[in-house]
A.B. asks: 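Quick one: structure below, then a few questions.
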Amino acid sequence: MRALIVSDIHSNLEALEAVIADAQGRGGFDVIWCLGDSVGYGPDPAACLDLLQSFPLVSVAGNHDRAALDLRESADFNSAAAYSANWTARQLPEGHRGFLAGLPEVATAGAFTLVHGSLRAPLREYLLNEEAAASTFGRLTTSYCLVGHSHLPFLCLENRDGPRFVQFSENEAFALDERRLIANAGSVGQPRDYDPRPSYAIYVREDPESSGFLERHRVEYARAATQEKMRTAGLPRSLIDRLDHGV
Ligand code: ZN
């Protein structure tokens, strides 16, 4: 069993294609687990949803997915994000809107619970500190939890003395065990950890006796092509520029 874990694709088709190709080159995957925010910010919302749906897929909703359906959900967005939510809403055919509308806030897949932000506030909370992690562990009914939203990769282990954040190192298998854990694979389409390369993870469980392992990877992509499409679409300059810096 191999799952490709992606989050915060943000309508960046070139980034998603590069991630899928990289994962296929590393042994492939049986299913995509998506942590939400597939649309918003970028130039290819419909094409990203089409590509995701061409694979077996378990996906939860992100706040940008909801904002593309109902602009009231973008009330707390900055002006560039609100502009892109409005632009995205106008690009999405009815069928794609129906797909987004059907996404749940929380989903489970085997030993994993999937949620965009946190189990306390699925669409809103940035899970970035021990208190937020403890709150999600308190609500978690499976062994492991996958989140997105902050665009920052991390692992958070549930130790006896409380949650502890550790690096989710690149190109290193992290063996899962009986300890519960929250993982963020980083963002495919708009990384914010000062590295512009799309970040993703793969979950591998080949031996049913073991809990399997997670590994995280980064990949180069045709960033200039994405940025050129954004210019043509008239999307805000700040959203184009930030892709160069991973912020
Ligand atoms: Zn996002």
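Just so you know, residue 1 is the first one in the sequence shown, and it goes up from there. All ligand and atom numbering here is 1-based and tracks the order in the structure. Side-chain atoms are counted along with the backbone in the values below, which use heavy atoms only and exclude waters and symmetry mates.
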A.B. asks: Using a strict 4.0 Å threshold on nitrogen-to-oxygen distance, state whether R120 and E131 make a salt bridge.
C.D. replies: yes
A.B. asks: Mind reading off the angle at the Zn ion (ligand 1) between the NE2 atom of H151 and the OD1 atom of D8, rounded to 10°?
C.D. replies: 80°
A.B. asks: When you check the gap from the basic side-chain N to the acidic O, do R192 and D8 get nearer than 4.0 Å?
C.D. replies: no
A.B. asks: Which residue pairs pass the ring-ring contact (aromatic ring centres under 6.0 Å, His included) test with at least one member in residues 210-247, sequence neighbours excluded?
C.D. replies: Y200-H217
A.B. asks: Could you tell me whether D70 and R66 have a side-chain N and a carboxylate O separated by less than 4.0 Å?
C.D. replies: no
A.B. asks: How is the N/O/S atom of D37 that comes nearest to the Zn ion (ligand 1) named?
C.D. replies: OD2
A.B. asks: How about H64: does one of its N, O or S atoms come closer than 2.8 Å to the Zn ion (ligand 1)?
C.D. replies: no
